[in-house]
Amino acid sequence: MALKPTIYKFKVTLADIDRGHYNDLSLTVARHPSENTERMMARVLAFCMNDCEGLAFTKGLSTTEEPDIWQRSLDGRVALWIDIGEPAAERIKKASRQAEKVRVYPFNFKSEEWYKREQAKLSLLPVSVIQFQWKGVQSMAAMAERTMEISVTVSDGRIYVSGEKDECEIPWTIHQ
């Protein structure tokens, strides 16, 4: 019998000062049985950083043909493809042929090594790599509850997350 995903519900008050974008979000996130809490929280962070009309979580780890998050245009084209983690350069190349914009959000302790190894290939592709600091993602994962109300503020290369019981800061680095 296959394991079922664990459902998390987030009420997010989003203030993206960098983009001048403010929104209240109700996110339902299915955490795949093979997904750790850090990866799930990195998906939530990436969603907040890209919040726009039509942005949606996909089946993610369950479907290799889809990104973790995407935005589809009204005519069905993929306007934005977002992968979380350290995908192979071939996957990113394929995504760049399918989508207008591609963004990758590596987040763990080996992300820097992955980027150094893939940098030459990635530099030839129209992709933005936004690397979350691992310790910050770990701090956010420690806050995880099945139902959460959080405030997320994006400003000057950092994300500030505050919840009912704790808060954390997640810096990021953009590689282009």
Quick one, Val154 and Trp172 - any side-chain contact, counting heavy atoms below 4.5 Å? yes
State, with a plain yes or no, whether a side-chain heavy atom of His21 is found less than 4.5 Å away from one of Asp51. yes
Return a table of donor-acceptor pairs under 3.5 angstrom between the side chains of residues 97-104 and protein atoms on other chains or two or more places apart.
from	atom 1	to	atom 2	distance (Å)
Glu100	OE2	Arg77	NH1	2.5
Arg103	NH1	Asn50	OD1	2.3

Do Phe132 and Phe109 land in one hydrophobic cluster if side-chain heavy atoms of ILVMFWY residues count as linked below 4.5 Å? yes
Between Asp68 and Arg39, does any NZ, NE, NH1 or NH2 come within less than 4.0 Å of an OD or OE carboxylate oxygen? yes
Quick one: does any side-chain atom of Arg31 pair with a main-chain N or O of Glu35 as donor and acceptor, under 3.5 Å? yes
Would you check, one step at a time, whether the test side chain to side chain contact (heavy atoms under 4.5 Å, CB included) holds for Ile82 with Phe47? CA-CA 9 Å; Ile82 298 173; Phe47 193 99; over 6 Å; no
So do the side chains of Asp16 and Cys48 get within less than 4.5 Å of each other, counting heavy atoms only? no
Are any of the side-chain heavy atoms of Ile170 and Arg158 separated by less than 4.5 Å? no
Take Lys121 and Glu90, measure what salt bridge (charged side-chain N to carboxylate O under 4.0 Å, His left out) needs, and give me the verdict at the end. CA-CA 9 Å; Lys121 294 176 192 171; Glu90 279 304 311; over 6 Å; no
Is there a path from Leu124 to Ile174 through hydrophobic residues (I, L, V, M, F, W, Y) whose side chains come within less than 4.5 Å of each other? no
Using a cut-off of 6.0 Å, state whether more than 12 heavy atoms not belonging to Leu74 lie near its atom CG. no
Strictly below 4.0 Å, N to O, side chains only: are Arg91 and Asp83 in salt-bridge contact? yes
Hey, does Ile130 have a side-chain heavy atom less than 4.5 Å from the side chain of Met49? yes
Could you go through the side chain to side chain contact (heavy atoms under 4.5 Å, CB included) check for Ile7 and Thr28 one step at a time? CA-CA 7 Å; Ile7 304 301; Thr28 299; 3.7 Å; yes
Does the pair Lys59/Glu66 count as a salt bridge with the N-to-O cut at 4.0 Å? no
According to salt bridge (charged side-chain N to carboxylate O under 4.0 Å, His left out), who are the partners of Glu113, at least two apart in sequence or on a separate chain? none
Taking only Lys NZ, Arg NE, NH1 and NH2, and the carboxylate oxygens of Asp or Glu, determine whether Glu149 and Lys9 approach each other closer than 4.0 Å. no
Count I, L, V, M, F, W, Y as connected when their side-chain heavy atoms are under 4.5 Å apart, and connections chain through other members. Are Leu25 and Val152 then in the same cluster? yes
Pair His175, Gln119: side-chain N/O donor-acceptor within cut-off below 3.5 Å: no
